[in-house]
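In what follows, a structure is listed as structure tokens, so that the remarks can point back to it.
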Protein chains: 2
Amino acid sequence: MHTDKVFKALGDPTRRKLLDLLCEKNGQTLGALCETLDMARQSVTQHLGILEDADLVSTVRRGREKLHFINPVPLHEVYERWVRKFERQRLTLLYELKKELEGE
Amino acid sequence: MHTDKVFKALGDPTRRKLLDLLCEKNGQTLGALCETLDMARQSVTQHLGILEDADLVSTVRRGREKLHFINPVPLHEVYERWVRKFERQRLTLLYELKKELEGE
DNA sequence: TTGATACGCAGGTAAATACCTGCATGTCAA
DNA sequence: TTGACATGCAGGTATTTACCTGCGTATCAA
């Protein structure tokens with residue numbers, strides 16, 4: 001998988017906001033997404049392109065419009081394959097850290 | 001919380017690798033982490049600084065050494081406050097996407 | 001003290017990133 | 001067909017980022 005693309009895509013506040021917007025209302029057009037964002041349309045296009053490239057957003061053309069949909073799968077996969085590894089060790093690591101900070 | 005710092009920190013493969021290394025063996029020194037990374041020590045220092053700034057890594061000095069420990073809390077918080085929102089809607093979103101791709 | 005070790009700090013460069021403006025293309029509705 | 005609308009494409013700039021080299025400081029062991 002393209003873990004790197006997904007993480008890089010999530011590393012920008014504008015793009016996380018875009019995902020938030022799509023979470024509230026899935027299938028929005030570029031224009032609709034722009035209205036909230038105080039940024040030139042072309043910039044939003046770029047951000048959406050990066051999200052699409054990371055498979056976090058899928059698009060469908062409908063006439064002259066382009067609808068944007070969240071694809072939650074990569075996010076889930078990132079969580080499953082990457083975050084949970086740390087989760088599993090969470091309490092252990094916290095214990096070690098606490099010990100160390102207390103001078104062992 | 002500084003969601004942005006956490007995501008930005010995770011947006012670099014070298015830094016994710018550093019977390020991986022610390023996950024395998026917590027409490028490593030800068031020197032030990034460098035050995036695996038084919039990169040100048042100073043570069044690794046910068047990456048570790050970013051991780052530390054995002055609270056993903058905590059450090060403890062021991063003599064002339066500096067030990068690095070994973071702090072899994074921000075990762076967990078990011079998951080709780082951000083990823084789960086999408087998880088909750090995952091099946092719904094997938095259903096909508098499928099419908100749309102099939103021409104509704 | 002002295003040499004070796006472990007790290008910190010101050011820059012400097014090349015590439016990536018996040019914006020933008022300007023113009024072109026395609027689609028709808030009258 | 002024509003004007004308004006929705007988006008695409010080309011490129012340009014300013015900032016951020018990732019990497020480096022060079023040198024300084026602190027610690028340990030002999």
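Letters A, B, ... are given to chains in the order of the sequence lines, protein chains preceding strands, and every chain is numbered from 1.
Taking atom CZ on A:Arg16 and atom P on C:dA18, their separation rounds to 11 Å, with Å as the unit. When the C1' atom of C:dC19 is taken as reference, atom CG of A:Leu48 falls 15 Å away, rounded to whole Å. If you measure from atom CE of A:Met39 to atom P of C:dT17, you get 16 Å, rounded to the nearest angstrom. Here D:dC9 presents its P atom at 12 Å from CG of A:Leu30, a figure rounded to the nearest Å. Atom CD in B:Gln28 sits about 15 Å away from atom C1' in C:dA6, given to the nearest Å. C:dA16 atom P lies 10 Å from atom NZ of A:Lys8, rounded to whole Å. Between the P atom of C:dA18 and the CG atom of B:Asp4 lies a distance of 11 Å, rounded to the nearest Å. Atoms CD (A:Gln42) and C1' (C:dC23) sit 10 Å apart, rounded to a whole Å.
Here the options are B:Lys8, B:Arg15, B:Lys5, the test is salt bridge (charged side-chain N to carboxylate O under 4.0 Å, His left out), and the partner is B:Asp53; only B:Lys5 passes.
OP1 or OP2 of D:dA18 sits under 4.0 Å from a side-chain N or O of B:Arg15. Neither OP1 nor OP2 of C:dT27 sits under 4.0 Å from any side-chain N or O of A:Arg62. Phosphate contact (OP1/OP2 of C:dC20, side-chain N/O of A:Ser43, threshold under 4.0 Å): present. In terms of phosphate contacts, A:Lys66 brings a side-chain nitrogen or oxygen within less than 4.0 Å of OP1 or OP2 of D:dG8.
Summary of the strand contacts: A:His47 and A:Arg61 both lie near DNA chain C, and taking for each the nucleotide with the nearest heavy atom, the more 5' one is attributed to A:His47. Nearest-nucleotide positions on DNA chain C for A:Asp38 and B:His68 put B:His68 closer to the 5' end.
Counting only distance, with no hydrogens or angles, the side chain of B:Asn71 and the backbone of B:Asp55 share a donor-acceptor pair below 3.5 Å.
In the hydrophobic clustering of ILVMFWY residues, with side-chain heavy atoms under 4.5 Å counting as a link, A:Phe7 and A:Leu75 come out together.
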| field | Intermediate values then yes/no, side-chain contact (heavy atoms from CB on, under 4.5 Å), B:Val44 and B:Leu30 | value | CA-CA 8 Å; B:Val44 179; B:Leu30 172 58; 3.8 Å; yes
Q) Run the side-chain contact (heavy atoms from CB on, under 4.5 Å) check on A:Leu19 and A:Val57 step by step: do they pass? A) CA-CA 8 Å; A:Leu19 290 179; A:Val57 161; 3.9 Å; yes
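Side-chain atoms of A:Glu65 stay outside donor-acceptor range of the base of C:dG26, with no qualifying N/O pair under 3.5 Å. You won't find any donor-acceptor pair under 3.5 Å spanning the side chain of B:Arg64 and the base of C:dG8, going by distance alone. Taking only distance into account, the side chain of B:Gln46 never meets the base of C:dG8 through a donor-acceptor pair shorter than 3.5 Å.
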